[in-house]
Amino acid sequence: MRDEREAVVAYSRRMAGDGLAVGTSGNVSVRTGDLVAITPTGVAYEALDPQDVCLVDLDGAPVDGHLRPSSEVPMHTAVYRATDAGAVVHTHPLYATALSTLLDELPGVHYLVAQLGGPVRVVPYAPYGTEELARLGVEGLAGRTAVILANHGATTYGAHLEQAYTRSLTLEWLCRLWAEARKLGEPRLLDAGQLEAARIAFGSYGQR
């Protein structure tokens with residue numbers, strides 16, 4: 001899984017610059033078959049090399065690697081078991097985390113919410129690295145590709161790593177938009193019909 005390990009390193013190194021993580025927080029994984037390539041725990045991303053990326057199975061058991069895998073292995077493997085995800089990105093972005101302390105849901109403040117499946121749920125707090133957090137995260141992802149974890153951060157998934165990472169960026173932008181709009185007043189929200197129309201429109205967006 002050389003290619004997958006290289007992709008995990010490349011996107012991990014982007015997280016700090018994109019405002020999605022601080023220090024060694026956050027983690028990235030890619031699935032191929034029954035194997036998952038995932039960042040090791042507590043390693044600075046700028047020092048990360050492909051051979052440092054760990055391989056685990058879908059139950060989280062180590063398969064290959066000389067370092068301990070991320071503490072959030074339970075979250076990643078739970079998402080893979082529950083969805084058709086090909087990649088998972090877990091982040092600690094400022095705005096999503098701030099909103100996680102205030103809201104039960106990121107509402108339809110912009111039509112890009114439709115790219116995440118609709119208003120993004122904020123699930124209750126649970127200690128990091130636990131099966132409880134993994135379970136809550138998967139519950140929050142039902143019908144969505146993003147979830148906000150109370151007093152913690154956020155998780156997104158996609159068919160591949162580029163898509164999962166882009167969804168993390170989109171979620172943080174939406175959270176920042178909400179926060180900035182709230183400084184000025186009460187934001188107007190899109191209703192379910194408007195968001196569904198946007199979702200359908202996205203089906204024919206871009207190049208084929």
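A heavy-atom distance below 4.5 Å is found between the side chains of Thr39 and Tyr45. A 4.5 Å side-chain heavy-atom check between Val56 and Leu35 finds every atom pair outside the cut-off. In this structure, the side chains of Thr155 and Val89 stay at 4.5 Å or more apart for every pair of heavy atoms. The side-chain heavy atoms of Leu106 and Leu171, taken from C-beta on, include a pair separated by under 4.5 Å. At least one side-chain heavy atom of Pro119 sits under 4.5 Å from a side-chain heavy atom of Leu195. When side chains are defined from C-beta on, Leu174 counts as touching Leu112, because their heavy atoms get closer than 4.5 Å. Arg13 has its side chain within reach of Val9: a pair of non-hydrogen atoms, C-beta onward, lies under 4.5 Å apart.
Summarising the geometry, atom CD1 belonging to Ile38 is positioned 8.0 Å from atom SG belonging to Cys54; distances are rounded to the nearest 0.5 Å. In this structure, OH in Tyr125 is found 11.5 Å from CG in Leu136, a value given to the nearest 0.5 Å.
Side chain of Glu172 to main chain of Ala96: a donor-acceptor pair is present (N/O by atom type, distance under 3.5 Å, no hydrogens or angles). Ser70 places no side-chain N or O within 3.5 Å of a backbone atom of Pro40 that could act as its donor or acceptor partner. Between the side chain of Asp57 and the backbone N or O of Asp59, at least one donor-acceptor pair lies under 3.5 Å. With hydrogens and angles ignored, the 3.5 Å screen pairs no side-chain donor or acceptor of Arg167 with any backbone N or O of Thr145. Not a single donor-acceptor pair under 3.5 Å links the side chain of Glu132 to the backbone N or O of Ala126. No donor-acceptor distance shorter than 3.5 angstrom exists from the side chain of Asp18 to the backbone of Met15, with no hydrogens or angles considered. Judged by distance alone, the side chain of Asp191 and the main-chain N or O of Gln194 form a donor-acceptor pair under 3.5 Å. Thr97 places no side-chain N or O within donor-acceptor distance of the main-chain N or O of Leu94, the cut-off being under 3.5 Å.
Listed here is the closest heavy atom pair of Thr41 and Pro69: CB-O, 3.5 Å. The two residues Gly33 and Leu58 come nearest to each other via the heavy atoms O-CD1, 4.5 Å. Heavy-atom minimum distance, Arg182 versus Pro187: CD-CD, 3.6 Å. The heavy-atom pair separating Leu149 from Gly137 by the smallest distance is CD2-CA, 4.3 Å. In terms of heavy atoms, Gly153 sits closest to Pro93 at CA-CD, 4.5 Å. Closest heavy-atom contact between Trp178 and Leu103: NE1-CD1, 3.4 Å.
Clustering ILVMFWY residues whenever any of their side-chain heavy atoms sit less than 4.5 angstrom apart, transitively, puts Val53 in a cluster other than the one holding Val73. Under the 4.5 Å side-chain contact rule for hydrophobic residues, Val43 and Leu55 do not share a cluster. No continuous path of hydrophobic side-chain contacts links Val36 to Val28 [ILVMFWY only; heavy atoms under 4.5 Å]. In the hydrophobic clustering of this structure, Leu141 does not group with Leu116; members are Ile, Leu, Val, Met, Phe, Trp, Tyr whose side-chain heavy atoms approach within less than 4.5 Å, directly or through other members. Placement of Val113 and Val147 in two distinct hydrophobic clusters is found when ILVMFWY residues are connected by side-chain heavy-atom separations under 4.5 Å, directly or transitively.
Tyr11 is linked by a ring pair (Phe, Tyr, Trp, His ring centres under 6.0 Å) to Tyr165, counting only residues two or more places apart in sequence or in another chain. With sequence neighbours excluded, the residues that form a side-chain hydrogen bond (donor to acceptor under 3.5 Å, both in side chains) with Glu4 are Thr32. Looking at residues two or more places apart in sequence or on another chain, you find a ring pair (Phe, Tyr, Trp, His ring centres under 6.0 Å) between His90 and His92, His152.
Residues Trp173 and His110 bring their aromatic ring centres within 6.0 Å.
The environment of Glu162 atom CD is sparse: at most 12 non-hydrogen atoms of other residues, nucleotides or ligands sit within 6.0 angstrom. At most 12 non-hydrogen atoms from other residues, nucleotides or ligands lie less than 6.0 angstrom from CG of Asp34. Atom CZ of Arg176 has 12 or fewer heavy atoms from other residues, nucleotides or ligands within 6.0 Å.
When only modelled atom types and interatomic distance are considered, Ser29 and Tyr80 share a side-chain donor-acceptor pair under 3.5 Å. A donor-acceptor pair shorter than 3.5 Å can be found between the side chains of Ser168 and Thr156.
Residue pairs meeting the salt bridge (Lys or Arg N to Asp or Glu O under 4.0 Å) criterion with at least one member in residues 81-109, sequence neighbours excluded, do not occur. The salt bridge (Lys or Arg N to Asp or Glu O under 4.0 Å) analysis of residues 135-158, with sequence neighbours excluded, yields the pairs Arg135-Glu139. Here salt bridge (Lys or Arg N to Asp or Glu O under 4.0 Å) pairs that include residues 106-116, with residues two or more places apart or in two chains, number zero.
A salt bridge links Arg5 to Asp64: at least one charged side-chain nitrogen sits closer than 4.0 Å to a carboxylate oxygen.
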